[in-house]
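These notes are about the structure you will find just below.
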Amino acid sequence: MNVAFYQGKIISLFTYERELWQALYLASLNNKVTCIHCHTPVQLQLSIDEPPTFIHSQLTEQCLEAAIEMEKKLQQPEHGTTHVTNGFQLPKSRMISHQQENSHVWKKPEFVEAIPPFQAAQQTTSGNLSGYRKELCERGIQFDDSQWEAVTTTEGPVMILAGAGSGKTRVLTARAAYMLTELHYSPKKLIMVTFTAKAAKEMKERMATYPNMNQTLLNQLMIGTFHRIFYKILLHHEPKKWASPLLLSMDWQRQAILKSAGREIDIDEKDFAYDQALTQISWWKNHMLTPDLVKTTNPWEEKVLYLYKRYEAIKSENQSFDFDDMLLGAYDLFKKHPDVLSRYQRRFTYVSVDEFQDTNKIQYELIAMLTKSNNLCIVGDDDQSIYAFRGSDPSFMLHFDRSYPHLKKVILNQNYRSSHEIVSTAHNIITSNRTRFQKQLIAQQHSEQLPLMFYPFNQEEEATMIVQDIKQKIQKGHQPNDFAILFRTNTAARALIERFIQSSIPFQLEMDGESFYKRRTVRKVLAYLRLAFDENDPKALTDLVGALFLKQEVIQEVKSLSIMEDCSFIDALAKVNGIQPFQQRKLRSLPAKFNELHKLQPYEAIVFIEREMGLADYVKKQGNEGNKMDRGSDDVKDLKEVAKQHESLEAFLQYVDHMTAKFEEFRLQRSATNAVQLLTIHRSKGLEFKHVYLIEAVEGGIPHDYALEALREGDKKPLEEERRLMYVAITRAIDTISISIPSKRRGKQVQRSRFVREMNQLSTRKLTHKGGTNT
């Protein structure tokens with residue numbers, strides 16, 4: 001059915017504005033949309049695969065006939081905006097042929113077709129093998145020839161280029177087991193460095209399954225993260241200085257130091273991005289930049305540099321340390337005590353480092369110091385280097401042979417995870433990067449399912465379509481944990497989270513931080529709206545003060561004036577004294593503006609707050625401080641998109657409160673084991689899922705706005721990292737990848753991502769040399 005009865009009118013999906021579909025969908029969930037014949041509630045279905053339609057759970061022949069008859073009438077060309085039939089007000093009709101040319105109508109999904117023919121790789125059988133490899137194969141632990149070459153290359157510098165899904169962990173663990181059980185190397189001579197404690201645990205568990213391995217050997221083997229390994233060294237040599245009670249292990253401990261320093265220069269802690277300041281300080285430290293070596297580039301960095309100086313000074317006074325200090329401390333220990341360094345160089349004669357493409361400067365320097373024997377094995381994939389914000393730099397891997405000219409390189413290019421169609425699509429994209437090693441993954445299987453591109457109108461509809469698609473697939477027998485939805489930044493997940501909360505589908509959210517509605521700038525906007533609805537909301541007053549550029553001390557004065565003058569907080573604000581004249585003029589205009597604000601619908605109200613009540617000034621000053629990824633102005637745009645779905649301030653604020661409460665409730669619950677995974681591309685690295693959805697594949701989404709700005713300024717590195725992110729996202733998929741390309745993002749028309757264009761172009765690019773230029 002394409003017609004329904006809503007708000008006293010017959011509406012048609014042929015003519016109903018696309019921007020209003022999401023609000024109509026929400027209304028249908030609340031049984032406010034009904035059949036034109038029997039007035040039974042119908043639900044709008046927004047699907048990836050099929051055009052939108054109204055689902056009638058009690059459809060009768062009479063209902064269907066009435067709908068078809070009405071559709072015929074509406075498809076006839078009419079003049080004017082409406083006409084009346086049988087007492088019903090009908091919308092103006094438009095010819096379907098004309099409508100199909102309109103970008104604001106539903107568009108059929110498309111498939112990626114730039115896929116070369118599949119050629120199956122020849123499999124090695126145990127009958128062709130001998131010795132240890134045959135024994136492993138008989139246990140079900142198989143290796144292709146490249147993998148086995150990596151396993152058995154134990155001397156000298158080795159680089160194992162391990163493409164996505166190429167069995168990297170199996171190779172690393174088998175190599176260590178081979179050295180211990182076949183070559184009988186002492187476990188005390190080996191050290192295996194990982195990037196996560198989870199990876200270290202998994203390696204130990206896998207190694208325990210290999211022939212002739214025992215717990216005694218494993219216990220003597222050093223496997224761990226950079227921080228764990230080098231912290232153990234520090235504890236051994238300087239136990240008092242590095243005692244665990246002195247570690248600032250929690251974010252709030254580190255932020256408390258920064259906030260105390262911020263008060264020294266009159267920073268309002270409610271309006272300063274201290275979390276981002278900590279990230280920036282960590283970046284400087286990982287680049288081995290002490291405060292005297294930092295060169296600031298903007299006023300925000302100048303503030304953070306002051307905080308950095310005080311942060312280090314206060315830690316020194318308290319004799320405390322943070323995680324970054326562990327690596328810097330180990331470096332200083334080795335520099336000041338060459339005998340200690342020499343001791344560890346003699347002990348650890350065989351070093352292997354996992355995920356080497358994500359190494360930062362301090363980590364690289366420590367490994368370089370430790371490996372005097374040159375028996376260094378690095379494992380990684382330059383195409384999956386995606387942690388520049390933490391200080392990682394793929395150039396350490398790309399130029400590794402400068403430090404180790406006799407380097408042996410082994411390429412693991414067989415993909416055992418994804419279909420040929422997925423692998424080829426990812427390859428089409430990554431070959432546009434100018435700086436990378438030459439390699440091409442070869443899939444072991446192919447599928448009839450081509451990568452899919454679908455076209456929602458905006459983020460709201462995007463989320464609805466994906467949830468609907470997953471719901472339909474679960475009804476056909478799929479499990480919730482078969483699915484993952486990947487996004488570039490946490491804020492992009494807001495609509496998805498809300499749609500899953502409204503559904504009955506279990507989901508798990510891998511995300512740091514609070515609800516979208518508790519973000520700094522969003523709280524300011526909501527404060528205006530809450531005070532328009534309730535002039536004596538104390539929490540809203542607290543949030544509003546910062547947006548008015550007033551100090552927090554004003555809050556108590558306003559509350560006192562409200563009692564003494566028997567007036568609302570809004571009227572009391574207009575009576576505040578002891579502030580600058582321009583501030584007084586602004587505050588005195590507030591009562592009239594709040595009175596006007598109360599009359600507006602949510603979207604119009606936010607626009608009014610921006611233009612007439614000073615929010616734009618606040619956002620301009622505070623919006624992107626310390627965070628080039630998530631800006632305050634973008635948060636306001638996202639909030640406007642939510643506001644468009646509601647007709648009154650009361651309904652909008654109730655929705656916000658409900659979603660905030662549900663989000664907090666979800667965070668407190670134990671994570672479901674069989675659930676759809678919602679996570680950033682960064683968090684998805686190393687994982688795999690049968691079915692993957694990638695959202696916001698548009699310019700500004702991925703690649704992110706900050707990378708496009710850097711490109712305009714002549715810096716290509718961020719764009720290349722964004723391309724690597726796209727590559728990582730696609731190669732998480734085993735069976736299917738569905739890529740969303742919305743028409744609008746944050747209320748503005750957008751172009752499809754350049755990476756989408758690239759994946760539709762069959763790649764014929766080659767590299768002239770490693771780290772060289774595509775030709």
Side-chain angles (χ1 to χ4, degrees), residues 1-76 82-94 96 99 105-106 108-109 454 456-457 460-480 483 495 498-507 645-647 651 654-655 658 662 676:
M1 291 173 57
N2 290 314
V3 294
F5 189 68
Y6 177 54
Q7 293 183 330
K9 301 176 183 178
I10 290 180
I11 59 170
S12 167
L13 292 175
F14 293 124
T15 58
Y16 205 69
E17 290 296 328
R18 179 75 180 270
E19 191 167 7
L20 302 177
W21 282 6
Q22 182 61 33
L24 183 62
Y25 167 78
L26 294 175
S28 73
L29 292 182
N30 293 319
N31 297 327
K32 294 181 179 179
V33 184
T34 63
C35 170
I36 64 170
H37 177 73
C38 68
H39 292 288
T40 298
V42 296
Q43 185 173 332
L44 176 61
Q45 178 174 287
L46 297 175
S47 169
I48 289 176
D49 298 318
E50 299 293 336
T53 185
F54 291 111
I55 302 298
H56 195 322
S57 60
Q58 302 175 28
L59 183 65
T60 65
E61 187 174 335
Q62 291 81 4
C63 294
L64 185 59
E65 288 176 354
I68 293 172
E69 182 65 25
M70 186 60 67
E71 286 176 24
K72 288 179 180 178
K73 290 181 180 179
L74 293 175
Q75 289 178 29
Q76 297 172 2
T82 60
H83 66 279
V84 177
T85 298
N86 297 330
F88 289 125
Q89 192 176 21
L90 305 181
K92 174 184 175 181
S93 180
R94 291 175 291 192
I96 296 175
Q99 187 192 38
V105 300
W106 184 88
K108 187 176 181 180
F454 65 99
F457 180 70
E460 303 296 327
E461 196 177 287
E462 175 182 66
T464 299
M465 282 182 166
I466 291 173
V467 170
Q468 177 65 32
D469 196 60
I470 291 175
K471 184 179 292 185
Q472 291 172 342
K473 285 182 168 64
I474 289 174
Q475 290 170 352
K476 293 178 182 178
H478 292 277
Q479 294 298 311
F483 302 93
E498 293 175 12
R499 219 63 76 244
F500 271 99
I501 286 174
Q502 292 168 332
S503 78
S504 57
I505 303 174
F507 72 101
Q645 316 306 318
H646 303 274
E647 296 177 357
Q654 284 177 350
Y655 177 84
H658 175 69
K662 284 292 183 181
V676 178

How many angstroms lie between atom [atom1] of [X] and atom [atom2] of [Y], to the nearest 0.5 angstrom?
X      : Y      : atom1 : atom2 : result
Phe5   : Ile11  : CZ    : CD1   : 10.0 Å
Gln479 : Lys473 : CD    : NZ    : 14.5 Å
Trp21  : Thr464 : CH2   : OG1   : 12.0 Å
Gln468 : Gln472 : CD    : CD    : 4.5 Å
Ile68  : Lys73  : CD1   : NZ    : 13.5 Å
Lys471 : Gln45  : NZ    : CD    : 9.5 Å

Do [X] and [Y] have side chains that approach each other closer than 4.5 Å (heavy atoms only, starting at C-beta)?
X      : Y      : value
Ile466 : Phe483 : no
Val676 : Ile470 : yes
Leu29  : Gln43  : yes
Gln22  : Leu26  : yes
Val467 : Gln502 : no

Checklist entry - Going through the checks in order, is the side chain to side chain contact (heavy atoms under 4.5 Å, CB included) test met by His56 and Leu64? => result CA-CA 9 Å; His56 195 322; Leu64 185 59; over 6 Å; no

Checklist outcome for this item: Taken in chain and number order and not counting sequence neighbours, the residues that satisfy ring-ring contact (aromatic ring centres under 6.0 Å, His included) with Phe500 are Phe507

Checklist entry - Among all residues two or more places apart in sequence or in another chain, which pass the ring-ring contact (aromatic ring centres under 6.0 Å, His included) test with Tyr655? => result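 ring-ring contact (aromatic ring centres under 6.0 Å, His included) list for Tyr655, sorted by chain: His646.
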
Next on the checklist: I'd like to check the side-chain contact (heavy atoms from CB on, under 4.5 Å) partners of Thr60; sequence neighbours left out, ordered by chain and number.
Outcome noted: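 side-chain contact (heavy atoms from CB on, under 4.5 Å) list for Thr60, sorted by chain: Gln62, Cys63.
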
Checklist entry - Are any side-chain N or O atoms of Trp106 and backbone N or O atoms of Leu46, one a donor and one an acceptor, separated by less than 3.5 Å? => result no

Checklist entry - When you check the side-chain N and O atoms of Glu647 and Gln7, is any donor under 3.5 Å from an acceptor? => result yes

Checklist entry - Where do Leu44 and Ser28 come nearest, in terms of heavy atoms and distance? => result N-OG, 3.2 Å

Checklist entry - Can you name the closest pair of heavy atoms from Val33 and Phe54 and give their distance? => result CG1-CE2, 3.9 Å

Checklist entry - Do NZ/NE/NH1/NH2 and the carboxylate oxygens of Glu460 and Arg499 come within less than 4.0 Å? => result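 Between Arg499 and Glu460 there is a salt bridge, with a charged N closer than 4.0 Å to a carboxylate O.
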
